[in-house]
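Here's the structure, in structure tokens; my notes come after.
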2 protein chains.
Amino acid sequence: MEVKPKQILIADDEPDILEIIRYNLEKEGYDVHTAKDGNEAIDKAKQLYPDLIILDIMMPRKNGVEVCSILRTQPSFQDTLIIFLTAMSDESSQIKGLETGADDYISKPISPKVLVSRVNALFRRVSTKEAGKTLQIGNISIDPVKFLVTINGNEVVLAKKEFELIYLLASKPGRVFLRNEILTQVWGNEVIVGDRTIDVHVRKVRQKLGIDCITTVKGVGYKFEI
Amino acid sequence: MEVKPKQILIADDEPDILEIIRYNLEKEGYDVHTAKDGNEAIDKAKQLYPDLIILDIMMPRKNGVEVCSILRTQPSFQDTLIIFLTAMSDESSQIKGLETGADDYISKPISPKVLVSRVNALFRRVSTKEAGKTLQIGNISIDPVKFLVTINGNEVVLAKKEFELIYLLASKPGRVFLRNEILTQVWGNEVIVGDRTIDVHVRKVRQKLGIDCITTVKGVGYKFEI
DNA sequence: TTCCATATTAACATTCTGTTTACACAAAGT
DNA sequence: ACTTTGTGTAAACAGAATGTTAATATGGAA
């Protein structure tokens with residue numbers, strides 16, 4: 001299975017820092033996006049749904065802690081990884097950061113080596129338990145390795161996009177995914193497709209699976225449930 | 001996910017101050033409304049139900065403290081954030097302000113930086129505990145992530161507006177929401193709809209839930225209670 | 001290249017939601 | 001009793017959102 005590079009969003013008001021981080025993370029094979037203040041970070045986060053967000057604590061237009069708590073209130077960012085950048089001395093923000101729901105923090109001045117290893121470690125930590133795993137919901141299993149959906153032992157073959165769609169939805173059964181969210185997660189954030197594209201894929205999945213496990217929430221999005 | 005920008009109402013009789021504040025807060029991404037005296041502040045507050053009200057202490061036609069205590073007597077403004085603007089020297093009003101039920105005060109002359117950070121801090125304080133959470137009242141649970149209302153384990157599917165309505169009411173069980181308040185919270189303050197619109201939605205919710213958890217308070221509004 | 005499956009669009013059909021209209025009903029005031 | 005005011009209900013409608021189908025594009029494999 002072709003693995004998309006992880007999307008990382010970095011927010012810091014110092015362009016130099018931004019570039020150092022970008023350089024080192026892109027070298028590692030990540031896709032890096034940047035924002036220069038808190039509000040831009042929020043906007044881009046909602047637009048990209050990145051896998052990891054790195055937030056400087058001290059930023060204009062909403063500091064890192066604020067951005068973090070705002071994002072965390074939304075279901076879509078409940079499980080997004082967040083790392084804080086803190087001034088070395090500032091211990092209290094470190095604590096506060098972790099309280100607010102950050103997954104890690106990195107002290108400035110930044111050592112590229114530390115940065116990269118922390119980021120890798122974080123992805124490793126979640127990937128071991130989360131990603132690439134066969135989902136099992138009721139009598140349906142979704143195996144991303146074999147690229148196979150099985151219902152009561154019957155194998156169903158899905159096309160790539162169809163599979164990614166059902167895999168996304170099924171990764172959090174019950175949770176509603178906004179159309180926007182689905183678009184960026186499955187199609188990628190630069191691709192622009194028409195309104196009906198999602199529907200058509202949903203339809204095909206429903207059709208192929210034969211059972212009714214994708215529910216429409218009108219005006220909102222879709223969710224997986226049996 | 002669509003998030004409405006926070007609504008802020010500012011009341012001050014000096015147009016310059018009004019504009020400075022407006023400029024800085026709009027830059028932060030907030031929606032700003034203004035009033036030039038105490039009475040206008042009250043009127044606009046009741047019309048907008050803003051998330052935050054910034055009141056100058058010295059104003060014609062009811063000063064800030066008066067406005068604050070008047071608003072605080074109404075349930076609808078019990079949880080609205082209020083900040084006072086005070087003259088630097090005037091310590092007694094600061095104390096009085098906090099006694100009256102303000103959440104913070106800012107000394108004049110105003111530093112945009114201080115202003116913005118105080119405002120952000122205030123929102124952060126409340127946002128961490130409030131938003132996006134599953135409500136649980138008695139045997140009813142209202143889950144905005146799954147977009148689902150559950151009564152004794154039975155799932156009830158509501159349309160978007162219906163859900164937003166019940167979620168608002170249930171967010172403060174027992175508290176009466178004025179019709180106006182419901183309109184601005186659920187429909188938004190620019191949308192104009194007819195008188196019966198709320199009723200019809202209330203009716204549909206009652207119907208779908210099957211149990212009687214929305215109480216009519218005639219001449220006033222509705223409240224959630226079991 | 002040609003073939004084939006997949007992905008996307010376009011056009012149209014369908015469903016559902018939100019809103020209004022019209023009227024019934026209840027409570028309170030005169 | 002009559003009027004006024006406010007809410008409940010049902011039906012009807014417009015428009016939004018989604019479903020469906022077929023046609024077209026795309027891209028990879030033979």
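The chains referred to below are lettered A, B, ... by the order of the sequence lines, with proteins before strands, and numbering in each begins at 1.
Side-chain N or O atoms of B:R72 include one that pairs as donor or acceptor with a backbone N or O of B:F77 at under 3.5 Å.
C:dT17 atom C1' lies 16 Å from atom CZ of B:F163, rounded to whole Å. As a whole-Å value, the separation of A:L158 CG from C:dA7 C1' is 14 Å. The interatomic distance linking B:L178 (CG) with D:dT7 (C1') rounds to 16 Å, in whole Å. At whole-Å resolution of the value, CG in A:L183 and P in C:dT8 are 10 Å apart. Rounded to whole angstrom, the span from the CD1 atom of A:I198 across to the C1' atom of C:dT9 amounts to 14 Å. Following rounding to the nearest Å, A:D195 (CG) and C:dA11 (P) show an atom-to-atom distance of 14 Å. The separation between B:K161 atom NZ and C:dC16 atom C1' is 14 Å, rounded to whole Å. Taking atom CG of residue B:D199 and atom C1' of nucleotide D:dA11, one finds them 16 Å apart after rounding to whole Å.
A donor-acceptor contact closer than 3.5 angstrom is absent between the side chains of A:Q7 and A:D51.
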*asked:* Would B:F84 and B:V65 count as a side chain to side chain contact (heavy atoms under 4.5 Å, CB included) here? Give the steps.
replied: CA-CA 8 Å; B:F84 278 132; B:V65 181; 4.3 Å; yes

_Step-by-step side chain to side chain contact (heavy atoms under 4.5 Å, CB included) determination, B:V205 to B:Y222_ = CA-CA 13 Å; B:V205 174; B:Y222 296 91; over 6 Å; no

*Given the rule in the side chain to side chain contact (heavy atoms under 4.5 Å, CB included) test, do B:K62 and B:I42 qualify, once you have shown the distances and angles that lead to the verdict?*
CA-CA 9 Å; B:K62 294 200 176 52; B:I42 293 177; 3.9 Å; yes

*Run the side chain to side chain contact (heavy atoms under 4.5 Å, CB included) check on B:F147 and B:K160 step by step: do they pass?*
CA-CA 9 Å; B:F147 219 86; B:K160 200 173 160 216; 4.0 Å; yes

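Tested against B:E162, the residues B:K208, B:K204, B:Q207, B:H201 include a single side-chain hydrogen bond (donor to acceptor under 3.5 Å, both in side chains) partner, B:K208.
The minimum heavy-atom distance between B:P60 and B:D13, with the atom names listed, is CD-CB, 3.5 Å. Heavy-atom minimum distance, B:L55 versus B:G64: CD1-O, 3.6 Å.
The residue among B:W187 and A:A159 whose nearest nucleotide of DNA chain C lies closer to the 5′ end is A:A159.
Within residues 200-209 of chain B, the residues that have a heavy atom under 4.0 Å from DNA chain D are, in order of number, B:V200, B:R203, B:R206.
Using a 4.0 Å cut-off between charged nitrogen and carboxylate oxygen, A:D199 and A:R179 count as a salt-bridge pair. Taking 4.0 Å as the cut-off between side-chain N and carboxylate O, B:K36 and B:D43 do not count as a salt-bridged pair.
B:T197 comes within 4.0 angstrom of a base, heavy atoms only. Within 4.0 Å of A:Y222, counting heavy atoms only, lie sugar-phosphate atoms of the nucleic acid but no base atom.
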*Could you run down nucleotides 25-30 of chain D 5' to 3' and tag each one B, S or - for protein heavy-atom contact under 4.0 Å?*
------

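At least one side-chain heavy atom of B:I214 sits under 4.5 Å from a side-chain heavy atom of B:I166.
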Can you check nucleotides 13-17 of chain D for protein contacts, nitrogen or oxygen pairs under 3.5 Å, and list what you find?
unit_1, atom_1, unit_2, atom_2, d
D:dA17, O3', A:G219, N, 3.4

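In this structure, B:T216 does not reach the D:dG6 phosphate: none of its side-chain N or O atoms is under 4.0 Å from OP1 or OP2.
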